Amino acid sequence: MKKTRKQKLKYLFRRVTYPWINRKYKDTVFRLLFNNDKKALLELYNAINHSSYTDPEALVVNTLDNAIFMGMHNDLSFIIDTHLNIYEHQSTNCPNMPLRCLFYVSKLYAQIVDENKIYSCKVKHIPEPHFVVFYNGVEQLPEVMTYKLSDMYDSDNTAPDLELTVKVLNINRGMNPELMSSCAKISGYSIFVAKIREYNTELPIEDAVPAAIDYCIENNILKDFFVKQRKAITMFSLYEYDYKSHLKSEHDDGFEEGQAQGIAIGEERGIAIGEERGELKKLASIATNMQNNGYSLDQVSDITGVAIADIQKALDSVKNTPTQK
């Protein structure tokens with residue numbers, strides 16, 4: 001039987017959306033800063049847009065809590081006035097962000113718009129999207145730059161039918177001073193990351209992170225936040241830094257192992273295997289370290305935001321992985 005347009009659309013969204021959904025992992029420190037704090041989020045919005053909104057309750061926060069797209073959370077999304085704002089934090093230069101943001105905004109529109117009404121003859125008004133990436137990686141980037149979806153197209157069309165632009169703000173220490181002076185949490189986060197890197201030149205990362213937290217507390221830099229969220233910040237930071245430092249080697253190992261096992265279907269498959277194994281290894285490492293420090297499996301789950309079943313899966317996978325000779 002021939003499918004109706006509506007059935008085709010539903011089928012399309014299933015095919016497009018779900019392959020990118022992975023299990024829920026941890027929050028990031030950046031998201032922890034602003035999530036559930038409308039006042040801070042409004043301050044950030046005003047700082048970026050040079051606006052002067054005063055009512056935090058005007059925000060409607062709509063974050064993709066339960067999905068990781070392309071291996072990453074959408075950090076923060078919210079509606080104010082008639083604008084849908086999508087904020088993402090990145091520690092690497094990622095020119096693929098326009099495509100990721102296209103996935104994000106499609107998912108968000110699907111959440112806020114009644115599907116049955118898109119077939120109506122009456123125009124269904126939707127909030128205008130805006131995309132901002134906060135970058136604090138080690139690669140030198142300008143204070144402000146723009147990614148465009150059209151830059152990813154194979155064609156050289158200068159006026160494509162579909163365009164999406166992402167504004168990238170460098171929030172490394174010393175960058176964008178006007179933004180820093182207008183938003184205390186961004187400024188404090190920038191200092192925290194800078195101190196981790198500074199201490200990590202002489203200390204292992206597991207010591208550099210607590211030292212950076214101590215520095216911020218002692219110097220009254222987001223003191224309440226670091227005191228209250230110390231455990232979570234420590235675990236999230238260690239996961240982020242540890243995962244990034246091992247990701248490439250895990251990709252390479254996974255590709256080589258995949259080829260050795262006869263999975264000769266190209267580099268993408270090998271990388272996918274490596275990424276999966278890398279994620280499981282890092283999660284298992286964090287869970288094991290926490291358990292060795294007296295945390296129960298329930299507490300590990302509460303702090304990391306990972307389901308107990310997923311933690312156990314990671315621990316079992318490492319246990320069952322043959323040791324390479």
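Because the structure is a prediction, the values reported are computed rather than measured.
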Neighbour count above 12 (heavy atom, 6.0 Å) for Asp156 CG: no

Side-chain contact, heavy-atom cut-off 4.5 Å: [X] with [Y]?
X: Phe131; Y: Leu164; answer: yes
X: Val168; Y: Thr146; answer: no
X: Glu143; Y: Glu178; answer: no
X: Val133; Y: His89; answer: no
X: Leu41; Y: Tyr45; answer: no
X: Leu108; Y: Ile86; answer: yes
X: Val113; Y: Ile118; answer: yes

I need the minimum non-hydrogen distance between [X] and [Y], along with the two atoms involved.
X: Met180; Y: Ile171; value: CE-O, 3.3 Å
X: Asn172; Y: Gly137; value: ND2-O, 2.9 Å
X: Met145; Y: Leu141; value: SD-CD1, 4.0 Å
X: Ser150; Y: Glu163; value: OG-OE2, 2.5 Å
X: Phe134; Y: Ile48; value: CZ-CD1, 3.3 Å
X: Leu59; Y: Lys38; value: O-NZ, 3.1 Å

Between Tyr87 and His130, is the side chain to side chain donor-acceptor pair (under 3.5 Å) condition met? List the steps. CA-CA 8 Å; Tyr87 290 175; His130 297 276; over 6 Å; no

Expected output: side-chain [X] to main-chain [Y] donor-acceptor under 3.5 Å:
X: Ser120; Y: Lys122; value: yes
X: Ser317; Y: Ala314; value: yes
X: Asn176; Y: Leu179; value: no
X: Asn85; Y: Pro129; value: no
X: Tyr147; Y: Asp151; value: no

Only one of Thr92, Leu169, Val193 passes side-chain contact (heavy atoms from CB on, under 4.5 Å) with Asn136; say which it is. Val193

Could you give the distance from [atom1] ([X]) to [atom2] ([Y]), rounded to the nearest 0.5 Å?
X: Leu42; Y: Phe34; atom1: CG; atom2: CZ; answer: 11.5 Å
X: Asn170; Y: Gln90; atom1: CG; atom2: CD; answer: 13.0 Å
X: Ser190; Y: Met175; atom1: OG; atom2: CE; answer: 10.0 Å
X: Leu102; Y: Asn96; atom1: CG; atom2: CG; answer: 12.5 Å
X: Asp310; Y: Leu315; atom1: CG; atom2: CG; answer: 11.0 Å
X: Asn46; Y: Ser182; atom1: CG; atom2: OG; answer: 9.0 Å

Taking 4.0 angstrom as the limit, do Lys185 and Asp37 come out as a salt bridge? yes

Set out, in order, the CA-CA distance, both residues' side-chain angles and the distance that settles side chain to side chain contact (heavy atoms under 4.5 Å, CB included) for Glu128 and Thr82, then state yes or no. CA-CA 6 Å; Glu128 178 187 348; Thr82 58; 5.8 Å; no

Side chain to side chain contact (heavy atoms under 4.5 Å, CB included) partners of Ser155, counting only residues at least two apart: Tyr153, Asn157

Give a yes or no on whether Met97 and Leu162 share a hydrophobic cluster (residues Ile, Leu, Val, Met, Phe, Trp, Tyr; joining criterion: side-chain heavy atoms under 4.5 Å apart). yes

Start with the C-alpha distance between Val60 and Ile80, add both sets of side-chain angles, then the distance that settles side chain to side chain contact (heavy atoms under 4.5 Å, CB included), and finish with yes or no. CA-CA 7 Å; Val60 178; Ile80 185 169; over 6 Å; no

With Tyr109, which residues qualify under side-chain hydrogen bond (donor to acceptor under 3.5 Å, both in side chains), at least two apart? none

Under 3.5 Å, which donor-acceptor pairs link side chains of residues 204-227 to any protein atom two or more places apart or in another chain?
| residue | atom | partner | partner atom | Å |
| --- | --- | --- | --- | --- |
| Asp214 | OD1 | Arg230 | NH1 | 2.9 |
| Asp214 | OD1 | Arg230 | NH2 | 2.8 |
| Asn219 | ND2 | Tyr215 | O | 2.8 |

Could you tell me if the ring centre of His83 sits under 6.0 Å from that of Phe78? no

